[in-house]
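Note that the numbering runs from 1 along the sequence shown for the chain.
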Amino acid sequence: MTDLARLSQLSSRTHTLVLERKRLASLSPHLTASSQQLNQIARNLDQLRAGIEEYENVVGGPDAVEHTKPLRAQWVRMRGMLEGELPLDFEDLPPPARPSLPPPPPKSPLLTTYSGSDPVDTPYTDDPDGKPASDLDPHEVLGQQQQMMEEQDSRLDILSQSINRQRDITIHIGNELEVHDDLLTDLDHRLDHTAGRLGNARQRLDRFARGTRENASTVTIGLLIFILLILIVIFKT
């Protein structure tokens, strides 16, 4: 029973990986899927197939086939979800072997009668109450695994919604960055225009300064002549 529970857990983990791979592929179809994840899924499927065959061979009988029937259905479903992605030489799960009928018991040559004082033959068990020494019923184990898979599906849905919100926020941020880029480009053009105008004004000032330095002596002589004329007029009067 422990082997069956282990196989159920392996099937649940593999199913989670397959669902995650499909969801990521649907959300971002332009991205290349991880080959490492696909290799892990293929190894899990191979281990699950080998475990199912080993369990049916060791336990045997119709009960073993009935116990592994949900696992087989899960394996086939995951195999179909990965159609075209697994290698061409990937080994499929063979159908369960038909249980062979046990040979009829030999007839006893002697007929015996049962009396109330004779002990009745019962199968040996370590449990005095006659309860089976198993951990859990297979249906209970599979029910728990189904509940776990439903919880994981709900968590993946929440994760998908969160990724969609993050994508919308990223698109909004990208639009805002484009607007700010346009504003910065316009500001850069205006700064270039202002820098050109300042350069022209500086050139005009430089020309005026050079002209002033070159004509300084002429201006000084003119001022002195003007002052001298004023003084002559004042003294004559």
Side-chain angles (χ1 to χ4, degrees), residues 1-27 32-103 122-160 162-163:
M1 192 63 62
T2 303
D3 292 338
L4 188 61
R6 179 179 58 82
L7 293 177
S8 299
Q9 294 177 359
L10 179 60
S11 176
S12 176
R13 291 196 303 268
T14 307
H15 186 255
T16 301
L17 291 175
V18 174
L19 290 178
E20 181 181 358
R21 181 180 180 84
K22 290 299 181 182
R23 290 183 187 275
L24 290 177
S26 61
L27 291 175
T32 304
S34 175
S35 59
Q36 183 178 4
Q37 185 186 44
L38 181 60
N39 293 335
Q40 181 63 41
I41 293 174
R43 287 195 297 269
N44 289 356
L45 288 176
D46 192 48
Q47 293 178 4
L48 182 61
R49 176 190 55 76
I52 292 174
E53 293 179 352
E54 182 180 1
Y55 181 84
E56 292 176 350
N57 293 332
V58 172
V59 177
D63 292 338
V65 177
E66 187 66 24
H67 292 167
T68 57
K69 185 176 181 180
L71 296 175
R72 282 180 166 274
Q74 183 81 334
W75 193 97
V76 173
R77 183 163 57 253
M78 291 186 292
R79 178 68 172 85
M81 293 173 67
L82 297 174
E83 188 68 30
E85 298 187 41
L86 293 174
L88 297 177
D89 57 349
F90 187 77
E91 187 174 355
D92 289 331
L93 180 64
R98 293 184 178 180
S100 57
L101 297 177
T122 57
Y124 173 76
T125 177
D126 293 332
D127 192 351
D129 296 335
K131 296 180 180 179
S134 58
D135 296 334
L136 289 175
D137 185 80
H139 299 289
E140 294 179 358
V141 174
L142 294 178
Q144 293 177 0
Q145 296 301 323
Q146 184 67 26
Q147 184 178 0
M148 291 175 58
M149 287 188 290
E150 292 176 356
E151 293 176 356
Q152 291 171 354
D153 289 341
S154 62
R155 292 176 182 175
L156 288 175
D157 291 335
I158 295 174
L159 177 61
S160 176
S162 177
I163 292 175

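The distance from the CD atom of Gln40 to the CG atom of Leu45 is 10.0 Å, given to the nearest 0.5 Å. The CG atom of Leu48 sits 9.5 Å away from the CZ atom of Arg6 when rounded to the nearest 0.5 Å. Remark: Glu151 CD to Gln147 CD distance equals 5.0 Å, nearest 0.5 Å. Annotation: the span from Arg155 atom CZ to Met148 atom CE amounts to 8.5 Å, rounded to 0.5 Å.
With sequence neighbours excluded, the residues forming a salt bridge (Lys or Arg N to Asp or Glu O under 4.0 Å) with Glu83 are Arg79, listed by chain and number. Remark: Glu53 engages Arg49 in a salt bridge (Lys or Arg N to Asp or Glu O under 4.0 Å) (not counting sequence neighbours).
Counting non-hydrogen atoms of neighbouring residues, nucleotides and ligands closer than 6.0 angstrom, the CD atom of Glu54 reaches no more than 12 such neighbours.
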Extract all donor-acceptor atom pairs below 3.5 Å that involve side chains of residues 7-19 and protein atoms in other chains or at least two apart in sequence.
residue, atom, partner, partner atom, Å
Ser8, OG, Leu4, O, 2.9
Thr14, OG1, Leu10, O, 2.8
Thr14, OG1, Asn44, ND2, 3.4
Thr16, OG1, Ser12, O, 3.0
Thr16, OG1, Gln152, OE1, 2.2

Evaluation steps, side-chain contact (heavy atoms from CB on, under 4.5 Å), between Arg23 and Leu159 | CA-CA 10 Å; Arg23 290 183 187 275; Leu159 177 61; over 6 Å; no

Go through the steps to decide whether Glu85 and Ile41 satisfy the test side-chain contact (heavy atoms from CB on, under 4.5 Å), and finish with yes or no.
-> CA-CA 11 Å; Glu85 298 187 41; Ile41 293 174; over 6 Å; no

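Between Lys69 and Val65, the closest side-chain pair of non-hydrogen atoms is not below 4.5 Å.
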